[in-house]
2 protein chains.
Amino acid sequence: MPEPAYVKIAGEFARNIHTGRWPAKMRLPSYSQIVQDYGVSDIVARKAIELLLSQGLVRSERRRGIYVSDRPNLTRISPERQRQTPEETFRTESDQDISVDRTTEEVSATEEQAGPFGISVGDKITLVVTRVTEGRKPVSISDTYQPLGVTGVSDATHLEETLADRLPTTTHAEWLGTEPGDLVKTVHQRFFAQDGRLIMMSDVSYPRDRYDKFLFRMVLGESSSDANE
Amino acid sequence: MPEPAYVKIAGEFARNIHTGRWPAKMRLPSYSQIVQDYGVSDIVARKAIELLLSQGLVRSERRRGIYVSDRPNLTRISPERQRQTPEETFRTESDQDISVDRTTEEVSATEEQAGPFGISVGDKITLVVTRVTEGRKPVSISDTYQPLGVTGVSDATHLEETLADRLPTTTHAEWLGTEPGDLVKTVHQRFFAQDGRLIMMSDVSYPRDRYDKFLFRMVLGESSSDANE
DNA sequence: AAGTGGTCTAGACCACGTG
DNA sequence: ACGTGGTCTAGACCACTTG
């Protein structure tokens with residue numbers, strides 16, 4: 001039960017990236033190169049790269065090559081980012097051109113929105129789709145729902161964020177340019193007012209190589225016992 | 001550019017699981033079964049299963065089979081769980097036998113602990129290793145560090161949790177019984193006192209199929225602007 | 001003895017980007 | 001024209017579990 005070849009190769013590559021020996025955006029050796037360099041077969045090289053892809057360390061551009069992620073150590077921090085506009089948030093994360101595009105429309109609430117908002121299916125709500133690019137590369141797309149008349153979240157005092165790995169909706173997949181079968185990081189947000197009323201809901205998708213980790217700052221209630229799980 | 005065969009198969013299986021047609025713990029068709037049923041090759045069947053594995057919908061038991069996750073819809077909720085002991089937390093998540101084992105020792109702080117705690121490398125600190133099993137299956141292992149003399153986190157008022165997908169440490173991998181190259185969900189916790197002092201740090205690992213999603217409840221600061229990213 | 005999941009080899013075709 | 005990443009086939013061996 002020795003370490004499989006693809007784990008060994010992936011480990012070596014990961015170390016190169018973490019230590020900075022392989023800088024951001026560097027092109028990795030191609031599959032055929034790896035096959036030659038390490039004397040392994042095609043599939044071993046692919047499994048190694050796939051391991052890096054699922055950790056978000058590298059990104060694949062079809063027919064061009066595999067590249068080290070743009071910022072392999074970026075952390076998404078909540079809830080601070082909610083006090084800023086997306087422009088501000090992404091600008092602090094980046095040294096490149098950020099572009100934010102919003103489209104607003106009125107749609108009929110489905111079961112998914114009607115339930116949490118406490119309205120009826122078919123009731124009109126506002127949908128804002130926000131698309132963010134960084135230096136021409138899409139980095140985020142979100143669907144934001146609010147009841148008519150409500151604008152912004154200045155009344156919100158509490159935020160719930162749910163993080164999961166999901167197959168993106170077709171709309172999100174198209175915008176992010178992911179391959180069929182590619183998972184994305186999804187953040188589902190719910191903003192609540194002081195009285196517990198739901199003010200806004202948002203579904204955000206990020207490509208897997210966007211963030212290395214997700215940080216959440218929380219306030220603890222009265223008595224916390226021993227914490228370790 | 002049609003949908004690849006393995007995405008189609010994985011989608012079909014995922015639907016079966018989400019709708020409950022395939023109940024928790026059910027054994028999936030074996031690779032050779034899938035090959036026959038769908039008239040595809042070995043590698044297509046494997047890529048399909050792998051897609052489910054990375055979403056945590058199924059779990060693989062070597063030489064036994066692929067099984068639907070025990071609770072394919074479980075959510076890990078913070079910070080509520082910090083007010084409970086691990087026994088209580090996992091008990092509410094489960095209908096099975098929960099066993100929690102703790103070992104305490106004194107170790108020398110490495111750079112990783114010394115920095116955040118504001119002590120010197122080599123200073124003694126307390127390390128508590130907590131191992132949790134559910135019905136004989138390991139579901140969590142954590143390394144908890146505290147300065148000597150500090151016990152518990154009753155003074156903590158703030159909690160930071162960082163979520164990431166990582167290759168586990170050897171200790172964690174052994175306990176969880178993961179295969180080489182398997183990623184795990186890691187939660188890095190930091191407990192702070194009112195004055196901002198770091199009281200406790202903890203590194204927790206979960207197998208990929210333990211939680212479907214991670215929920216975090218946060219309090220928003222004064223002025224929140226428009227939130228969509 | 002048969003079946004299983006995990007690893008691996010040696011090929012192949014396609015659509016597209018680059019030089 | 002060539003190299004690229006993505007998909008796919010048809011084999012193989014191993015170590016172990018199950019009947």
Side-chain angles (χ1 to χ4, degrees), chain A residues 1-11 13 25-54 57-69 136-137 167 173 176-183 207-209, chain B residues 1-11 13 25-54 57-69 136-137 167 173 176-183 207-209:
Chain A
M1 50 213 60
E3 197 169 52
Y6 70 88
V7 177
K8 196 177 135 285
I9 297 176
F13 286 12
K25 305 185 188 186
M26 196 198 86
R27 179 152 174 270
L28 269 65
S30 73
Y31 288 129
S32 51
Q33 264 302 327
I34 300 176
V35 167
Q36 285 183 21
D37 294 354
Y38 292 85
V40 295
S41 99
D42 170 65
I43 174 174
V44 171
R46 287 174 191 274
K47 284 207 75 168
I49 295 297
E50 188 202 308
L51 211 54
L52 302 177
L53 282 169
S54 61
L57 286 173
V58 302
R59 130 183 64 90
S60 145
E61 292 187 18
R62 200 172 184 146
R63 272 159 239 130
R64 255 188 282 259
I66 313 285
Y67 296 84
V68 176
S69 295
R136 317 201 54 156
K137 254 200 304 293
L167 286 171
L176 296 176
T178 56
E179 303 281 328
D182 275 358
L183 297 180
R208 226 159 45 287
D209 73 319
Chain B
M1 48 216 65
E3 198 169 52
Y6 69 89
V7 176
K8 194 177 137 285
I9 297 176
F13 286 12
K25 304 185 188 187
M26 196 199 86
R27 179 153 172 270
L28 269 66
S30 73
Y31 287 130
S32 51
Q33 264 302 328
I34 300 175
V35 167
Q36 286 182 20
D37 294 353
Y38 292 85
V40 295
S41 100
D42 169 65
I43 173 173
V44 171
R46 289 175 189 273
K47 284 208 75 169
I49 295 296
E50 187 202 309
L51 212 54
L52 302 177
L53 282 169
S54 61
L57 287 174
V58 301
R59 131 184 63 90
S60 146
E61 292 188 18
R62 201 174 182 143
R63 274 160 238 130
R64 256 188 281 260
I66 312 285
Y67 296 84
V68 176
S69 295
R136 317 201 54 157
K137 253 200 304 293
L167 286 170
L176 296 177
T178 57
E179 303 281 328
D182 275 358
L183 296 181
R208 224 154 50 285
D209 73 319

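Side chains included, hydrogens not; waters and symmetry mates left out as well; all remaining heavy atoms used. Below, read A as the first sequence line, B as the second, and so on, with proteins coming before strands; counting in each chain starts at 1.
For A:Phe13, the ring pair (Phe, Tyr, Trp, His ring centres under 6.0 Å) criterion is met by A:Trp22, not counting sequence neighbours. Under the side-chain hydrogen bond (donor to acceptor under 3.5 Å, both in side chains) criterion, B:Gln36 pairs with no residue at all, not counting sequence neighbours. The salt bridge (Lys or Arg N to Asp or Glu O under 4.0 Å) check on A:Arg63 picks up nothing, with sequence neighbours excluded. B:Lys137 pairs by the salt bridge (Lys or Arg N to Asp or Glu O under 4.0 Å) definition with B:Asp70, not counting sequence neighbours. With sequence neighbours left out, the salt bridge (Lys or Arg N to Asp or Glu O under 4.0 Å) criterion links A:Asp42 to A:Arg46. Qualifying side-chain hydrogen bond (donor to acceptor under 3.5 Å, both in side chains) partners for B:Tyr38, counting only residues two or more places apart in sequence or in other chains: B:Glu12. Remark: A:Arg64 engages A:Glu61 in a salt bridge (Lys or Arg N to Asp or Glu O under 4.0 Å) (not counting sequence neighbours).
Of the side-chain N and O atoms in B:Tyr6, none sit less than 4.0 angstrom from OP1 or OP2 of D:dC8.
In this structure, A:Glu179 places its CD atom 15 Å from P of C:dA15, rounding to the nearest Å. Atom CG of A:Asp182 is separated from atom C1' of D:dG6 by 11 Å (rounded to the nearest Å). In this structure, A:Arg59 atom CZ and D:dG6 atom P are separated by 13 Å, rounded to whole Å. Atom CG of A:Leu51 is separated from atom P of C:dT7 by 10 Å (rounded to the nearest Å).
Of all the residues in residues 34-50 of chain A, A:Arg46 reach under 4.0 Å from DNA chain D with at least one non-hydrogen atom.
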Check: protein-nucleotides 2-4 of chain C nitrogen or oxygen pairs below 3.5 Å:
{"unit_1": "C:dT4", "atom_1": "OP1", "unit_2": "B:Ser30", "atom_2": "OG", "d": "3.2"}
{"unit_1": "C:dT4", "atom_1": "OP2", "unit_2": "B:Ser32", "atom_2": "OG", "d": "3.0"}

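Put simply, CG on A:Leu176 and CZ on A:Arg208 are 11.5 Å apart, with the number rounded to the nearest 0.5 Å.
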